[in-house]
Amino acid sequence: MRFYDTLSGSIIEFRPMHKNRINIFVCGPTVYDDFHIGHARTYIFFDTIVKFMRSIGYSVFYLQNITDIDDKIIKRASEENTTPEYIADKYFKEYLRIMSELGVDSVNYYAKATLYIDEIISQIKRMIDKGYAYETSDGVYFEVKKFKDYGQLSKQNLDNIIENARGILNEDKKNPEDFVLWKKMKPGEPYWESPWGKGRPGWHIEDTAITETYFGDEYDIHGGGSDLIFPHHEAEIAQMRSISNKKYLAHYWIHTGMININSEKMSKSLKNYITIKDVLKDYTPNELRFAVLNANFNKSIEFSRDSLNEAREALSRIINTYRKLENIELENGDYKIDYNYIIKKYIDIMSDNFDTRSLIKEIMGLVAEINKNIDNIDKKTALNILKIFDYINSFMNIIPRKRSIDASTINAILNIRSMLRSEKRYDLSDYIRKELEASGLHIEDKNNETQWWIE
RNA sequence: GGAUAGGUGGCAGAGAGGUUAUGCGUGGGACUGCAGAUCCCAUUUACUAGGGUUCAAAUCCCUACCUAUCCUCCA
């Protein structure tokens, strides 16, 4: 398995720290508002690759943090006249709900930042002891210039960062590039006790406290959106490595590309974001997954209704073929496939930089091939092909499960319709078809035979 | 200003020195009572611009221009 690693800046072969075992941490969201398709892209992608890695034999522990204390949460709470805990809890639940709707179910554990205050304090203490952090009137800060590798991940030179640092002016800190580890409480804010008085953790520290708790000071893969590379992930590296003195925090870094709207990054600040909830009003979760996976993970993608519609078209081609295969009853057919060869080819494609886009292209090729030979495929072969689709689906999750329905009733209705058609009573037969389609069935006539499935 | 990606046919988007990408769209055809689904054919020499290297360049080198991202919170 090889993939693009942000730290080395190239596609490199993956070697897990422990044989056949992978520890992966992905930055979760701050829970203060509805989630947008940028979140969807990142979390669908990591869901897919974790499931893929499991499918080829790795035991993967997938850990994700939840930022449940933050300025934005506090702000939102005061706007809505409620408590930060209430906001955090409400949107955490919403996050779980929407992820489950998207079929994102591979995360082993969601770690909420506020449950790791002791670990956070312990890390800050160690940074102070080692001379990397200092206390001021309003908090504890990490002194960036003490950590010489700062900038390595984002490929920036430390002097440059120092020169360009914009630092917030009213903070009492030594240098503008220094970042906060602990914020001392201002009146009315939520707080936890600490050696530096009442306060709350900074944003970067929660992740290293959580990963140290579960994975130790080094682990295999750290993932997240590419907008987190600087300063968030740079800060995480500085924190953990200044304590551990090791060469790595995570051995590999995987960053997902951004979603663009009208060639501009979609973001909260630009207010050009589309929520997942809104997309799901008009498109299925499978269609959204397909749209997002039909691109290289580390490139930005242009998102629009057109791209969703395109995903819908392509996906329905796959699903139609899948349903046709399910309906095959033929005993002997000439068309055969090499199951092992195809599965191996697909695994190779995924193993090369998680190339879901090329994989989709391959599947479309297989679909075309099957359609050309559809009358020559026997039941046994059809089941084999379905197994291939099921394998792909075990990590892509793009083909919806069949809803159960009483087939005998449908068949009875369709038998009546066939009789009507043979008597050329098309007004009635078309009416029946229209009604069945309206209730979500796909109906296809082929000479005297009628195939159907649930859309 | 610094850093990082890029600029490919109507659109989306692979490829990385010599061989048709592919998909969508569009046009035509086959099948069909119609619809749908599917198939076939066509869309007959696309690679930002200018230089260079080479027998050969979309692909390597140089220059210019353009776009996005990061350098503040963000997936």
Side-chain angles (χ1 to χ4, degrees), chain A residues 4 6 9 26-30 32-33 35-46 64 67 70-72 75 151 153-157 159-169 176-177 179 203 223-232 234 255-260 262-270 273 276 292 294-296 298-302 304 306-307 309-314 316-317 319-321 323-324 355 357-358 360-362 364-365 367-368 370-375 421-422 424-427 429-430 433-434 437 442-448 450-453:
Chain A
Y4 184 86
T6 312
V26 173
C27 281
T30 302
Y32 72 103
D33 201 357
F35 303 95
H36 55 68
I37 52 177
H39 294 110
R41 180 187 193 184
T42 295
Y43 301 126
I44 287 170
F45 170 71
F46 283 106
Q64 199 177 104
T67 303
D70 174 83
D71 290 350
K72 285 178 173 161
K75 185 167 166 252
L153 183 71
S154 54
K155 315 266 178 286
Q156 282 177 279
N157 147 321
D159 294 334
N160 233 314
I161 291 172
I162 292 170
E163 205 176 297
N164 289 328
R166 287 184 222 173
I168 301 158
L169 293 167
E177 70 275 13
F179 59 84
W203 177 41
S226 57
D227 52 351
L228 299 181
I229 296 172
F230 191 95
H232 185 52
E234 209 73 75
H255 289 101
T256 50
M258 296 292 102
I259 284 185
N260 289 172
N262 297 325
S263 327
E264 249 185 351
K265 178 186 158 186
M266 185 184 77
S267 74
K268 290 269 183 177
S269 21
L270 287 169
Y273 59 92
I276 300 171
V292 144
N294 196 201
N296 283 157
N298 52 3
K299 299 218 163 152
S300 58
I301 49 179
E302 181 69 28
S304 63
D306 285 352
S307 62
N309 288 338
E310 229 182 87
R312 167 171 285 172
E313 290 292 321
S316 82
R317 238 172 105 77
I319 295 172
N320 284 340
T321 302
R323 299 290 180 234
K324 279 183 190 173
D355 196 352
R357 180 168 230 280
S358 295
I360 286 173
K361 186 189 136 200
E362 279 297 324
M364 298 307 284
V367 163
I370 293 164
N371 283 327
K372 251 175 256 180
N373 295 286
I374 195 76
D375 293 327
R421 288 181 67 223
S422 64
K424 298 198 193 306
R425 305 265 312 267
Y426 294 124
D427 51 340
S429 72
D430 286 355
R433 181 172 63 195
K434 210 178 114 207
E437 281 174 345
H442 175 103
I443 310 285
E444 245 180 78
D445 293 325
K446 197 175 177 189
N447 302 323
N448 300 322
T450 301
Q451 267 202 76
W452 64 273
W453 58 79

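Labels below follow one simple rule: chain letters A, B, ... track the order of the sequence lines, proteins then strands, and each chain is numbered from 1. Heavy atoms only: backbone and side chains are in, while hydrogens, waters and symmetry mates are out.
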* **Gap in Å between the two C1' atoms, one belonging to B:C41 and one to B:U20, rounded** => 15 Å

* Rounded to whole angstrom units, what separation is found between the CD atom of A:Glu444 and the C1' atom of B:G36? -> 6 Å

* At under 4.0 Å between heavy atoms, what does A:Gly257 touch on the DNA or RNA strands: base, sugar-phosphate, or nothing? -> base

* Asked: Among all residues two or more places apart in sequence or in another chain, which pass the side-chain contact (heavy atoms from CB on, under 4.5 Å) test with A:Arg433?
  -> A:Arg417, A:Asp430, A:Glu437, A:Ile443, A:Asp445

* **Any A:Asn296 side-chain nitrogen or oxygen under 4.0 Å from OP1 or OP2 of B:A14** => yes

* **Contiguous Watson-Crick or G-U pair runs (3 or more, under 3.5 Å) in RNA chain B** => B:1-7 with B:65-71, B:10-12 with B:22-24, B:25-30 with B:38-43, B:48-52 with B:60-64

* Structure fact -> With sequence neighbours left out, the residues meeting side chain to side chain donor-acceptor pair (under 3.5 Å) with A:Asn160 are A:Asn164

* To do: Output the single nucleotide from B:C39, B:U4, B:G33 whose closest atom is nearest the side chain of A:Lys155.
  => B:U4

* With a non-hydrogen cut-off below 4.0 angstrom, is A:Tyr43 in contact with a base, only sugar-phosphate, or nothing? -> sugar-phosphate

* Should we count CG of A:Asn262 as having more than 12 external heavy atoms under 6.0 Å? -> no

* To do: Determine the contact category for A:Ala368: base if any of its heavy atoms lies under 4.0 Å from a base atom, sugar-phosphate if only primed atoms, P, OP1 or OP2 are that close, otherwise nothing.
  => sugar-phosphate

* Structure fact -> RNA chain B nearest-nucleotide lookup for A:Glu302 and A:Asn320: closer to the 5′ end is A:Glu302

* A:Glu362: partners by salt bridge (charged side-chain N to carboxylate O under 4.0 Å, His left out), with sequence neighbours left out -> A:Lys345

* Any idea which of B:G36, B:A75, B:C34 is nearest the A:Met266 side chain? -> B:A75

* At under 4.0 Å, does any side-chain N or O of A:Asn160 touch on OP1 or OP2 of B:A3? -> no

* To do: Would you mind classifying the nucleic acid contact of A:Tyr426 as base, sugar-phosphate or nothing, using non-hydrogen atoms under 4.0 angstrom?
  => base

* List for me each residue that meets side-chain contact (heavy atoms from CB on, under 4.5 Å) alongside A:Ser267, sequence neighbours excluded, and say none if there are none. => A:Lys265, A:Ser269, A:Leu270

* Structure fact -> A correct 5'-to-3' footprint of nucleotides 22-31 of chain B, with B, S and - meaning base, sugar-phosphate only and no protein heavy atom under 4.0 Å, is --S-------

* Examine B:C70: is either OP1 or OP2 under 4.0 Å from a nitrogen or oxygen in the side chain of A:Lys265? Give yes or no. => yes

* Under the 3.5 Å rule, do the base of B:A35 and the side chain of A:Arg433 count as making a donor-acceptor pair? -> yes

* A:Lys72: salt bridge (charged side-chain N to carboxylate O under 4.0 Å, His left out) partners, not counting sequence neighbours -> none

* Hey, does A:Ile229 reach any base, or is it just sugar-phosphate, or nothing, if we go heavy atoms under 4.0 Å? -> nothing

* Asked: For A:Asp355, which residues count as a side chain to side chain donor-acceptor pair (under 3.5 Å) partner, sequence neighbours excluded?
  -> A:Asn296, A:Ser358

* Structure fact -> Applying salt bridge (charged side-chain N to carboxylate O under 4.0 Å, His left out) to A:Lys324 and not counting sequence neighbours gives A:Glu444

* OP1 or OP2 of B:C40 less than 4.0 angstrom from a side-chain nitrogen or oxygen of A:Lys372, does that happen here? -> yes

* A:Lys72 side-chain proximity, nearest of B:C70, B:C73, B:C34 -> B:C73

